[in-house]
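These values consider heavy atoms only, across backbone and side chains, with no hydrogens, waters or symmetry-generated copies. Chain letters run A, B, ... following the sequence lines, proteins first and then strands; every chain starts at 1.
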There are 2 protein chains.
Amino acid sequence: IQETDLLAGGIDTFIIPADQVAHVQPDNSLEHALLVLVKSGYTAIPVLGMDSCLRGIISKAKILDSILGVERMEPEKLSSLTVEEVMERDFSAVKADVVFEKVMSLSIQYPFVCVENHDGQFKGIIPRSKILAHLNGYLHE
Amino acid sequence: IQETDLLAGGIDTFIIPADQVAHVQPDNSLEHALLVLVKSGYTAIPVLGMDSCLRGIISKAKILDSILGVERMEPEKLSSLTVEEVMERDFSAVKADVVFEKVMSLSIQYPFVCVENHDGQFKGIIPRSKILAHLNGYLHE
Ligand SMILES: Nc1ncnc2c1ncn2[C@@H]1O[C@@H]2COP(=O)(O)O[C@H]3[C@@H](O)[C@H](n4cnc5c(N)ncnc54)O[C@@H]3COP(=O)(O)O[C@H]2[C@H]1O
Ligand SMILES: Nc1ncnc2c1ncn2[C@@H]1O[C@@H]2COP(=O)(O)O[C@H]3[C@@H](O)[C@H](n4cnc5c(N)ncnc54)O[C@@H]3COP(=O)(O)O[C@H]2[C@H]1O
(Lines give C-alpha, C1' and ligand atoms only; values in the text may rest on other atoms or scores of the structure.)
(Ligands and ions follow the chains in the order given, each with its own letter.)
Protein backbone atom coordinates (compact mmCIF):
# COMPACT_ATOMS: atom_id res chain seq x y z
CA ILE A 1 0.00 0.00 0.00
CA GLN A 2 1.01 3.61 -0.53
CA GLU A 3 2.50 5.64 2.28
CA THR A 4 -0.28 8.21 1.96
CA ASP A 5 -2.85 5.42 2.20
CA LEU A 6 -1.20 4.16 5.38
CA LEU A 7 -1.10 7.56 7.03
CA ALA A 8 -4.52 8.69 5.82
CA GLY A 9 -6.16 5.32 6.40
CA GLY A 10 -8.80 4.50 8.97
CA ILE A 11 -8.13 3.06 12.41
CA ASP A 12 -11.02 0.64 12.79
CA THR A 13 -9.00 -2.54 12.29
CA PHE A 14 -6.56 -1.58 15.05
CA ILE A 15 -9.09 -0.97 17.79
CA ILE A 16 -9.43 -3.52 20.59
CA PRO A 17 -13.20 -3.17 21.11
CA ALA A 18 -14.63 -1.95 24.41
CA ASP A 19 -15.98 -5.37 25.39
CA GLN A 20 -12.45 -6.78 25.20
CA VAL A 21 -10.87 -3.98 27.22
CA ALA A 22 -10.41 -4.51 30.95
CA HIS A 23 -11.66 -1.44 32.82
CA VAL A 24 -12.98 -0.16 36.15
CA GLN A 25 -15.30 2.63 37.34
CA PRO A 26 -14.27 5.85 39.14
CA ASP A 27 -16.04 4.96 42.39
CA ASN A 28 -14.48 1.48 42.67
CA SER A 29 -12.03 1.03 45.56
CA LEU A 30 -8.32 0.69 44.74
CA GLU A 31 -8.63 -2.83 46.14
CA HIS A 32 -11.19 -3.73 43.46
CA ALA A 33 -9.14 -2.02 40.75
CA LEU A 34 -6.06 -3.97 41.82
CA LEU A 35 -8.04 -7.22 41.56
CA VAL A 36 -9.15 -6.36 38.02
CA LEU A 37 -5.59 -5.43 37.04
CA VAL A 38 -4.11 -8.63 38.46
CA LYS A 39 -6.77 -10.82 36.86
CA SER A 40 -6.55 -9.12 33.47
CA GLY A 41 -2.76 -9.25 33.45
CA TYR A 42 -2.43 -5.64 32.26
CA THR A 43 -0.46 -2.96 34.10
CA ALA A 44 -2.77 -0.06 33.21
CA ILE A 45 -6.42 0.09 32.11
CA PRO A 46 -9.10 2.71 31.33
CA VAL A 47 -11.55 4.08 33.89
CA LEU A 48 -15.09 4.45 32.51
CA GLY A 49 -17.94 6.40 34.08
CA MET A 50 -21.51 5.08 34.40
CA ASP A 51 -22.22 6.74 31.05
CA SER A 52 -19.42 4.72 29.39
CA CYS A 53 -17.35 7.87 28.97
CA LEU A 54 -13.58 7.83 29.53
CA ARG A 55 -12.60 9.34 32.86
CA GLY A 56 -8.96 8.33 33.27
CA ILE A 57 -6.36 5.56 33.45
CA ILE A 58 -5.55 3.44 36.52
CA SER A 59 -2.32 1.50 36.78
CA LYS A 60 -0.57 -0.85 39.19
CA ALA A 61 2.19 1.76 39.41
CA LYS A 62 -0.26 4.46 40.47
CA ILE A 63 -1.90 2.18 43.05
CA LEU A 64 1.50 1.27 44.48
CA ASP A 65 2.48 4.94 44.66
CA SER A 66 -0.72 5.80 46.53
CA ILE A 67 -0.17 3.28 49.33
CA LEU A 68 3.43 4.42 49.88
CA GLY A 69 3.31 6.35 53.11
CA VAL A 70 6.18 8.40 54.51
CA GLU A 71 7.02 5.95 57.27
CA ARG A 72 5.65 2.70 55.95
CA MET A 73 3.40 1.19 53.32
CA GLU A 74 -0.26 1.76 54.05
CA PRO A 75 -2.21 -1.16 52.49
CA GLU A 76 -5.32 -0.15 54.42
CA LYS A 77 -5.62 2.71 51.93
CA LEU A 78 -6.53 0.14 49.27
CA SER A 79 -10.03 -0.12 50.70
CA SER A 80 -10.44 3.54 51.64
CA LEU A 81 -9.22 5.20 48.43
CA THR A 82 -11.26 5.19 45.20
CA VAL A 83 -10.00 4.96 41.64
CA GLU A 84 -11.20 8.50 41.00
CA GLU A 85 -8.94 9.89 43.72
CA VAL A 86 -5.73 8.58 42.16
CA MET A 87 -6.40 7.87 38.47
CA GLU A 88 -4.30 9.49 35.78
CA ARG A 89 -6.34 12.16 34.03
CA ASP A 90 -3.70 12.87 31.38
CA PHE A 91 -4.47 10.33 28.68
CA SER A 92 -4.93 10.39 24.93
CA ALA A 93 -8.37 9.94 23.41
CA VAL A 94 -9.35 10.30 19.76
CA LYS A 95 -12.59 10.11 17.84
CA ALA A 96 -13.22 6.91 15.86
CA ASP A 97 -12.90 8.67 12.51
CA VAL A 98 -9.36 10.01 12.89
CA VAL A 99 -6.67 8.89 10.48
CA PHE A 100 -3.89 6.41 11.34
CA GLU A 101 -1.26 9.17 11.28
CA LYS A 102 -2.90 10.82 14.27
CA VAL A 103 -2.88 7.67 16.36
CA MET A 104 0.70 6.83 15.35
CA SER A 105 1.81 10.28 16.45
CA LEU A 106 0.08 9.95 19.85
CA SER A 107 1.56 6.48 20.40
CA ILE A 108 5.02 8.05 20.66
CA GLN A 109 3.90 9.40 24.04
CA TYR A 110 1.21 6.95 25.18
CA PRO A 111 1.39 3.14 25.55
CA PHE A 112 -2.21 3.00 24.32
CA VAL A 113 -4.60 5.47 22.70
CA CYS A 114 -8.28 5.50 23.73
CA VAL A 115 -10.98 5.75 21.05
CA GLU A 116 -14.41 7.26 21.55
CA ASN A 117 -17.50 7.71 19.39
CA HIS A 118 -18.78 11.14 18.49
CA ASP A 119 -21.12 11.10 21.47
CA GLY A 120 -18.08 10.57 23.71
CA GLN A 121 -18.81 6.90 24.42
CA PHE A 122 -15.79 4.62 24.88
CA LYS A 123 -15.25 2.52 21.75
CA GLY A 124 -11.95 0.78 22.51
CA ILE A 125 -8.17 1.22 22.65
CA ILE A 126 -5.27 1.00 20.23
CA PRO A 127 -2.11 -0.29 21.97
CA ARG A 128 1.40 0.40 20.67
CA SER A 129 1.81 -3.29 19.73
CA LYS A 130 -0.95 -2.96 17.11
CA ILE A 131 0.68 0.09 15.55
CA LEU A 132 4.14 -1.49 15.54
CA ALA A 133 2.79 -4.74 14.05
CA HIS A 134 1.03 -2.79 11.30
CA LEU A 135 4.11 -0.72 10.49
CA ASN A 136 6.25 -3.87 10.52
CA GLY A 137 3.89 -5.46 8.00
CA TYR A 138 3.81 -2.34 5.84
CA LEU A 139 7.61 -2.16 5.69
CA HIS A 140 7.81 -5.79 4.61
CA GLU A 141 5.43 -5.64 1.70
CA ILE B 1 15.81 7.26 3.06
CA GLN B 2 15.07 3.94 1.41
CA GLU B 3 12.98 1.33 3.11
CA THR B 4 15.85 -1.17 2.89
CA ASP B 5 18.18 1.37 4.46
CA LEU B 6 15.73 1.86 7.32
CA LEU B 7 15.31 -1.84 8.00
CA ALA B 8 18.98 -2.75 7.46
CA GLY B 9 20.28 0.32 9.27
CA GLY B 10 22.16 0.37 12.57
CA ILE B 11 20.57 0.93 15.97
CA ASP B 12 23.18 3.07 17.68
CA THR B 13 21.26 6.34 17.47
CA PHE B 14 18.23 4.82 19.19
CA ILE B 15 19.99 3.46 22.24
CA ILE B 16 19.51 5.21 25.59
CA PRO B 17 23.02 4.59 26.96
CA ALA B 18 23.59 2.54 30.11
CA ASP B 19 24.53 5.56 32.23
CA GLN B 20 21.13 7.10 31.49
CA VAL B 21 19.17 3.94 32.26
CA ALA B 22 17.75 3.52 35.75
CA HIS B 23 18.58 0.05 37.05
CA VAL B 24 19.04 -2.09 40.18
CA GLN B 25 21.07 -5.15 41.19
CA PRO B 26 19.73 -8.69 41.80
CA ASP B 27 20.56 -8.70 45.51
CA ASN B 28 18.86 -5.36 46.23
CA SER B 29 15.75 -5.55 48.41
CA LEU B 30 12.36 -4.90 46.78
CA GLU B 31 12.19 -1.86 49.04
CA HIS B 32 15.31 -0.41 47.44
CA ALA B 33 14.08 -1.31 43.94
CA LEU B 34 10.77 0.42 44.64
CA LEU B 35 12.63 3.54 45.72
CA VAL B 36 14.65 3.57 42.50
CA LEU B 37 11.50 3.05 40.43
CA VAL B 38 9.58 5.82 42.17
CA LYS B 39 12.50 8.26 41.94
CA SER B 40 13.22 7.47 38.27
CA GLY B 41 9.56 7.74 37.31
CA TYR B 42 9.67 4.56 35.21
CA THR B 43 7.39 1.57 35.73
CA ALA B 44 9.95 -1.11 34.78
CA ILE B 45 13.76 -1.09 34.66
CA PRO B 46 16.64 -3.51 33.97
CA VAL B 47 18.40 -5.56 36.63
CA LEU B 48 22.18 -5.69 36.17
CA GLY B 49 24.59 -8.07 37.87
CA MET B 50 27.91 -6.99 39.41
CA ASP B 51 29.52 -7.77 36.06
CA SER B 52 27.17 -5.32 34.30
CA CYS B 53 25.37 -8.18 32.59
CA LEU B 54 21.60 -8.16 32.13
CA ARG B 55 19.85 -10.43 34.60
CA GLY B 56 16.20 -9.44 34.33
CA ILE B 57 13.55 -6.71 34.52
CA ILE B 58 11.91 -5.41 37.71
CA SER B 59 8.64 -3.50 37.60
CA LYS B 60 6.26 -1.77 39.99
CA ALA B 61 3.63 -4.26 38.82
CA LYS B 62 5.82 -7.22 39.77
CA ILE B 63 6.65 -5.71 43.16
CA LEU B 64 2.97 -5.08 43.85
CA ASP B 65 2.08 -8.65 42.84
CA SER B 66 4.72 -10.06 45.19
CA ILE B 67 3.39 -8.32 48.30
CA LEU B 68 -0.18 -9.42 47.60
CA GLY B 69 -0.84 -12.10 50.16
CA VAL B 70 -3.89 -14.37 50.21
CA GLU B 71 -5.51 -12.66 53.20
CA ARG B 72 -3.95 -9.21 53.12
CA MET B 73 -1.15 -7.17 51.62
CA GLU B 74 2.22 -8.02 53.12
CA PRO B 75 4.38 -4.87 52.90
CA GLU B 76 6.94 -6.42 55.23
CA LYS B 77 7.96 -8.56 52.27
CA LEU B 78 9.44 -5.44 50.67
CA SER B 79 12.44 -5.67 52.98
CA SER B 80 12.72 -9.46 53.05
CA LEU B 81 12.44 -10.23 49.31
CA THR B 82 15.22 -9.48 46.84
CA VAL B 83 14.91 -8.31 43.24
CA GLU B 84 16.38 -11.63 42.08
CA GLU B 85 13.53 -13.57 43.66
CA VAL B 86 10.78 -11.80 41.72
CA MET B 87 12.36 -10.22 38.63
CA GLU B 88 11.09 -11.04 35.17
CA ARG B 89 13.59 -13.25 33.39
CA ASP B 90 11.75 -13.19 30.07
CA PHE B 91 13.09 -10.07 28.37
CA SER B 92 14.49 -9.20 24.98
CA ALA B 93 18.20 -8.51 24.56
CA VAL B 94 20.10 -7.95 21.31
CA LYS B 95 23.72 -7.42 20.40
CA ALA B 96 24.73 -3.84 19.52
CA ASP B 97 25.35 -4.69 15.87
CA VAL B 98 21.87 -5.97 14.98
CA VAL B 99 19.84 -4.18 12.32
CA PHE B 100 16.86 -1.91 13.03
CA GLU B 101 14.43 -4.48 11.59
CA LYS B 102 15.32 -6.89 14.40
CA VAL B 103 14.64 -4.35 17.15
CA MET B 104 11.43 -3.17 15.49
CA SER B 105 10.18 -6.75 15.36
CA LEU B 106 10.97 -7.33 19.06
CA SER B 107 9.28 -4.06 20.07
CA ILE B 108 5.93 -5.52 19.02
CA GLN B 109 6.18 -7.71 22.13
CA TYR B 110 8.39 -5.74 24.51
CA PRO B 111 8.01 -2.14 25.76
CA PHE B 112 11.79 -1.81 25.57
CA VAL B 113 14.60 -3.87 24.05
CA CYS B 114 17.89 -4.27 25.95
CA VAL B 115 21.18 -3.93 24.08
CA GLU B 116 24.41 -5.64 25.06
CA ASN B 117 27.97 -5.63 23.73
CA HIS B 118 29.57 -8.77 22.35
CA ASP B 119 31.04 -9.57 25.74
CA GLY B 120 27.54 -9.51 27.20
CA GLN B 121 27.93 -6.16 28.94
CA PHE B 122 24.81 -3.97 29.16
CA LYS B 123 25.02 -1.13 26.64
CA GLY B 124 21.58 0.48 26.95
CA ILE B 125 17.91 0.13 26.00
CA ILE B 126 15.72 1.06 23.05
CA PRO B 127 12.19 1.96 24.18
CA ARG B 128 9.16 1.75 21.88
CA SER B 129 8.88 5.56 21.83
CA LYS B 130 12.23 5.82 20.01
CA ILE B 131 11.17 3.32 17.37
CA LEU B 132 7.77 4.96 16.86
CA ALA B 133 9.35 8.43 16.64
CA HIS B 134 11.83 7.19 14.03
CA LEU B 135 9.11 5.48 11.97
CA ASN B 136 6.95 8.60 12.24
CA GLY B 137 9.82 10.69 10.89
CA TYR B 138 10.55 8.19 8.11
CA LEU B 139 6.91 8.20 6.95
CA HIS B 140 6.88 11.98 6.80
CA GLU B 141 9.96 12.50 4.64
N1 LIG C 1 -2.07 -10.84 27.66
C2 LIG C 1 -1.04 -10.46 26.85
N3 LIG C 1 -0.78 -11.12 25.71
C4 LIG C 1 0.24 -10.75 24.89
N5 LIG C 1 1.06 -9.69 25.13
C6 LIG C 1 0.85 -9.00 26.26
C7 LIG C 1 -0.20 -9.33 27.17
N8 LIG C 1 -0.16 -8.46 28.20
C9 LIG C 1 0.86 -7.64 27.93
N10 LIG C 1 1.49 -7.94 26.76
C11 LIG C 1 2.66 -7.27 26.16
O12 LIG C 1 3.23 -6.41 27.14
C13 LIG C 1 3.05 -5.04 26.72
C14 LIG C 1 2.80 -4.15 27.90
O15 LIG C 1 1.57 -4.52 28.51
P16 LIG C 1 0.93 -3.55 29.63
O17 LIG C 1 -0.16 -4.29 30.33
O18 LIG C 1 2.04 -3.01 30.48
O19 LIG C 1 0.37 -2.30 28.82
C20 LIG C 1 -0.78 -2.43 28.02
C21 LIG C 1 -2.08 -2.16 28.79
O22 LIG C 1 -1.86 -1.10 29.69
C23 LIG C 1 -3.00 -1.69 27.67
N24 LIG C 1 -3.83 -2.78 27.14
C25 LIG C 1 -3.55 -3.59 26.08
N26 LIG C 1 -4.56 -4.45 25.84
C27 LIG C 1 -5.51 -4.19 26.78
C28 LIG C 1 -6.81 -4.74 27.08
N29 LIG C 1 -7.37 -5.74 26.36
N30 LIG C 1 -7.52 -4.21 28.11
C31 LIG C 1 -6.99 -3.21 28.84
N32 LIG C 1 -5.79 -2.63 28.62
C33 LIG C 1 -5.05 -3.13 27.61
O34 LIG C 1 -2.17 -1.19 26.62
C35 LIG C 1 -0.79 -1.30 27.01
C36 LIG C 1 0.09 -1.57 25.82
O37 LIG C 1 -0.23 -2.82 25.26
P38 LIG C 1 0.70 -3.44 24.14
O39 LIG C 1 -0.04 -4.56 23.51
O40 LIG C 1 1.20 -2.35 23.25
O41 LIG C 1 1.99 -3.96 24.91
C42 LIG C 1 1.89 -5.09 25.74
C43 LIG C 1 2.16 -6.39 25.01
O44 LIG C 1 3.22 -6.21 24.06
N1 LIG D 1 10.34 10.75 32.13
C2 LIG D 1 9.57 10.60 31.01
N3 LIG D 1 9.60 11.56 30.06
C4 LIG D 1 8.83 11.44 28.94
N5 LIG D 1 8.02 10.38 28.68
C6 LIG D 1 7.95 9.41 29.61
C7 LIG D 1 8.71 9.48 30.82
N8 LIG D 1 8.44 8.38 31.55
C9 LIG D 1 7.54 7.67 30.82
N10 LIG D 1 7.24 8.29 29.65
C11 LIG D 1 6.28 7.84 28.62
O12 LIG D 1 5.49 6.78 29.15
C13 LIG D 1 5.81 5.55 28.47
C14 LIG D 1 5.80 4.39 29.41
O15 LIG D 1 6.81 4.55 30.40
P16 LIG D 1 7.16 3.30 31.35
O17 LIG D 1 8.00 3.81 32.47
O18 LIG D 1 5.88 2.60 31.72
O19 LIG D 1 7.96 2.29 30.43
C20 LIG D 1 9.29 2.58 30.01
C21 LIG D 1 10.35 2.08 31.00
O22 LIG D 1 9.96 0.82 31.52
C23 LIG D 1 11.55 1.86 30.08
N24 LIG D 1 12.44 3.03 30.06
C25 LIG D 1 12.41 4.08 29.20
N26 LIG D 1 13.42 4.95 29.47
C27 LIG D 1 14.11 4.42 30.51
C28 LIG D 1 15.29 4.83 31.26
N29 LIG D 1 15.95 5.96 30.99
N30 LIG D 1 15.69 4.04 32.28
C31 LIG D 1 15.04 2.89 32.57
N32 LIG D 1 13.95 2.44 31.90
C33 LIG D 1 13.48 3.20 30.90
O34 LIG D 1 11.04 1.68 28.75
C35 LIG D 1 9.60 1.73 28.79
C36 LIG D 1 9.04 2.31 27.51
O37 LIG D 1 9.46 3.66 27.40
P38 LIG D 1 8.82 4.56 26.27
O39 LIG D 1 9.65 5.79 26.17
O40 LIG D 1 8.61 3.75 25.03
O41 LIG D 1 7.35 4.93 26.79
C42 LIG D 1 7.20 5.80 27.88
C43 LIG D 1 7.08 7.26 27.45
O44 LIG D 1 6.32 7.37 26.26
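By the criterion of side-chain heavy atoms lying less than 4.5 angstrom apart, applied directly or through intervening Ile, Leu, Val, Met, Phe, Trp or Tyr residues, B:Leu54 is not grouped with B:Val83; the two fall into different hydrophobic clusters. At a threshold of 4.5 Å between side-chain heavy atoms, the hydrophobic network of Ile, Leu, Val, Met, Phe, Trp and Tyr places A:Val86 and A:Leu48 in two separate groups. In terms of hydrophobic clustering, with Ile, Leu, Val, Met, Phe, Trp and Tyr side chains grouped at heavy-atom distances under 4.5 Å, A:Ile15 and A:Phe100 are assigned to a common cluster. Hydrophobic clustering (ILVMFWY, side-chain heavy atoms < 4.5 Å, transitive): B:Phe122 and B:Val103 are in distinct clusters. Under the 4.5 Å side-chain heavy-atom criterion for grouping Ile, Leu, Val, Met, Phe, Trp and Tyr, A:Met104 is connected to B:Met104 within one hydrophobic cluster.
Proximity to chain A is absent for every atom of B:Leu37, based on heavy atoms less than 4.5 angstrom apart. For chain A, the nearby part of B:Leu7 is the side chain; its heavy atoms alone come within less than 4.5 Å.
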Between chain B and chain A, which donor-acceptor atom pairs come closer than 3.5 Å, counting both backbone and side-chain atoms?
residue	atom	partner	partner atom	Å
A:Lys60	NZ	B:Asp65	OD1	3.1
A:Lys60	NZ	B:Asp65	OD2	3.2
A:Asp65	OD1	B:Lys60	NZ	3.1
A:Asp65	OD2	B:Lys60	NZ	3.2
A:Glu101	OE2	B:His140	NE2	2.3
A:His140	NE2	B:Glu101	OE2	2.3

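Taking CD1 of B:Ile131 as the start and CG of A:Leu132 as the end, the distance is 6.5 Å to the nearest 0.5 Å. Considering CG of A:Leu78 and CG of B:Leu68, their distance stands at 8.0 Å, rounded to 0.5 Å.
With chain A as the partner, the residue from B:Leu34, B:Leu6, B:Ile63, B:Val38 showing the most heavy-atom pairs under 4.5 Å is B:Leu34.
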